[in-house]
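Atom set for the values below is all heavy atoms of this structure, side chains included, hydrogens, waters and symmetry mates excluded. Position 1 is the first residue of the sequence, and the numbers go up from there. All ligand and atom numbering here is 1-based and tracks the order in the structure. Predicted model only: the values in this text are computed from it and were never measured.
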Amino acid sequence: MLKDILNKIKSGYELRFDELVYIISLKKQDELEILFSKALETKNKLCGNKIYIRGLIELSNLCSKDCYYCGIRKSNKETKRYTIPFDEVIREIEFAYQNKYSSIVLQAGERNDKNFIKLVSEILENINKMTNNKLRVTLSLGEQSDDTYQEWFEKGAHRYLLRAETTNPELYTKIHPLNHSFNNRMKCLYTLKKIGYQLGTGVLIGLPGQTAEDLANDILFYKKIDVDMIGMGPYIPHKNTPLGLDTIKFNRNKALNLGLKMIAATRLSLPDINIAATTALEALSPESGLETGILAGANVFMINLNDYCYKKSYFLYDDKPCTNTNIKLFQQKINERLSRISQRVAYGEYGDSMHYLNKIKPV
Ligand code: 5AD
């Protein structure tokens with residue numbers, strides 16, 4: 001059955017709902033290997049054997065939201081809150097630019113206050129001045145007003161990543177407080193698209209109560225909204241969250257495999273988009289999560305540019321990787337790790353998704 005499905009995948013064939021459910025439910029190791037190698041082959045064919053790198057700046061861990069799964073939710077009083085001063089952010093951006101990352105991601109807890117909106121606008125203005133518009137910028141700053149999204153786009157942001165978290169409205173309601181709106185999240189995604197951002201979304205994989213059918217629907221949603229990039233990863237409990245209280249049932253290996261099956265199924269469904277090998281994979285499988293993600297079809301990786309003092313306060317989930325290693329050494333290590341799986345970092349390339357480039361190509 002798996003081989004039949006994979007044989008059908010030629011350009012243009014769209015995996016059906018039942019086929020996606022089947023793939024996501026696979027358990028046998030030999031079948032998983034066949035699946036991952038087909039996804040890797042697809043990635044290599046479309047994107048080459050290179051991996052796009054993003055410099056990640058976790059700008060602030062202040063958050064006005066209270067998601068039941070997230071370690072930086074506003075009710076977690078154990079987290080020391082920070083916002084990186086403007087000059088330090090600029091230094092991180094300079095580092096990324098000089099080291100040919102060509103693309104950065106600005107991420108933070110969700111904040112809608114004027115000071116924050118202004119801070120982001122000022123950072124964007126400076127990036128474009130400093131780099132002569134030669135650095136691609138992804139924002140990952142949650143739900144904002146249409147005007148704010150528009151303002152940041154006009155100041156020079158190119159891409160926006162807003163995870164749906166799940167596209168099942170009932171499940172969404174279970175993992176968020178009542179004042180968090182699924183409909184508003186969807187509305188934001190469509191607004192971002194309309195404004196002209198390269199659009200990224202994603203889901204939490206392996207949430208309590210989530211089914212293979214939910215995950216198959218998530219992939220069909222990616223298609224429907226015509227995403228350019230995906231950032232999704234396994235759900236990992238955080239001890240200071242309502243959902244994380246019950247960590248006993250959490251099976252790291254199962255969570256990792258489910259995350260990898262989702263990457264592979266997404267690559268086979270949307271061959272030309274960018275898919276990140278997210279930090280959560282590395283948390284579940286230290287020193288090899290990145291490789292497993294790529295070998296299952298991912299083609300983007302983020303390097304955290306923050307100082308250790310900030311990194312240790314951005315714990316979205318338990319065991320989030322948090323090293324104090326010098327970034328250059330870390331980068332060197334990543335280069336070596338990738339070369340062992342016959343891949344390389346595409347330094348100096350913006351790394352827009354092929355999907356996006358094809359869309360904007362004049363006919
Ligand atoms: N496990 C995995 N990912 C998480 N995130 C938040 N909490 C967790 C968790 N416990 C993810 C969410 C959010 C992103 C910034 O981090 O998907 O969108």
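- Within ligand 1, counting atoms from 1 as listed, the ones closer than 4.0 Å to a heavy atom of Tyr317 are 1 (N), 2 (C), 3 (N), 4 (C), 8 (C), 9 (C), 10 (N).
- Nearest protein heavy-atom contact of atom 18 (O) of ligand 1 is Glu165 OE2, 2.6 Å.
- Under the 6.0 Å cut-off for aromatic ring centres, Tyr197 and Phe153 qualify, their centroids lying closer than that.
- Using a cut-off of 4.0 Å between Lys/Arg side-chain N and Asp/Glu carboxylate O, Arg136 and Asp352 are scored as salt-bridged.
- Taking OG of Ser140 as the start and CG of Leu106 as the end, the distance is 9.5 Å to the nearest 0.5 Å.
- Looking only at protein heavy atoms, the nearest one to atom 7 (N) of ligand 1 is Tyr69 CD1, 3.3 Å.
- With hydrogens left out, the protein atom closest to atom 1 (N) of ligand 1 is Ile236 N, 3.0 Å, a heavy atom.
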Legend entry - Full working for ring pair (Phe, Tyr, Trp, His ring centres under 6.0 Å) between Phe301 and Tyr52: CA-CA 6 Å; Phe301 176 65; Tyr52 297 127; over 10 Å; no
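- In terms of protein heavy-atom proximity, atom 4 (C) of ligand 1 is closest to Leu204 CD2, 3.5 Å.
- Both Ile72 and Tyr82 belong to a single network of hydrophobic side chains, linked directly or stepwise wherever heavy atoms of I, L, V, M, F, W or Y lie under 4.5 Å apart.
- Glu349 and Lys100 are not joined by a salt bridge, as no carboxylate oxygen comes within less than 4.0 angstrom of a charged side-chain nitrogen.
- Using a 4.0 Å cut-off to heavy atoms of Leu316, the atoms of ligand 1 that qualify are 7 (N), 8 (C), 9 (C), 10 (N), 15 (C), 16 (O).
- The protein heavy atom nearest to atom 11 (C) of ligand 1 is Arg163 NH1, 3.5 Å.
- Nearest-residue assignment for atom 2 (C) of ligand 1 (options Ala280, Gly233, Pro234; heavy-atom criterion): Pro234.
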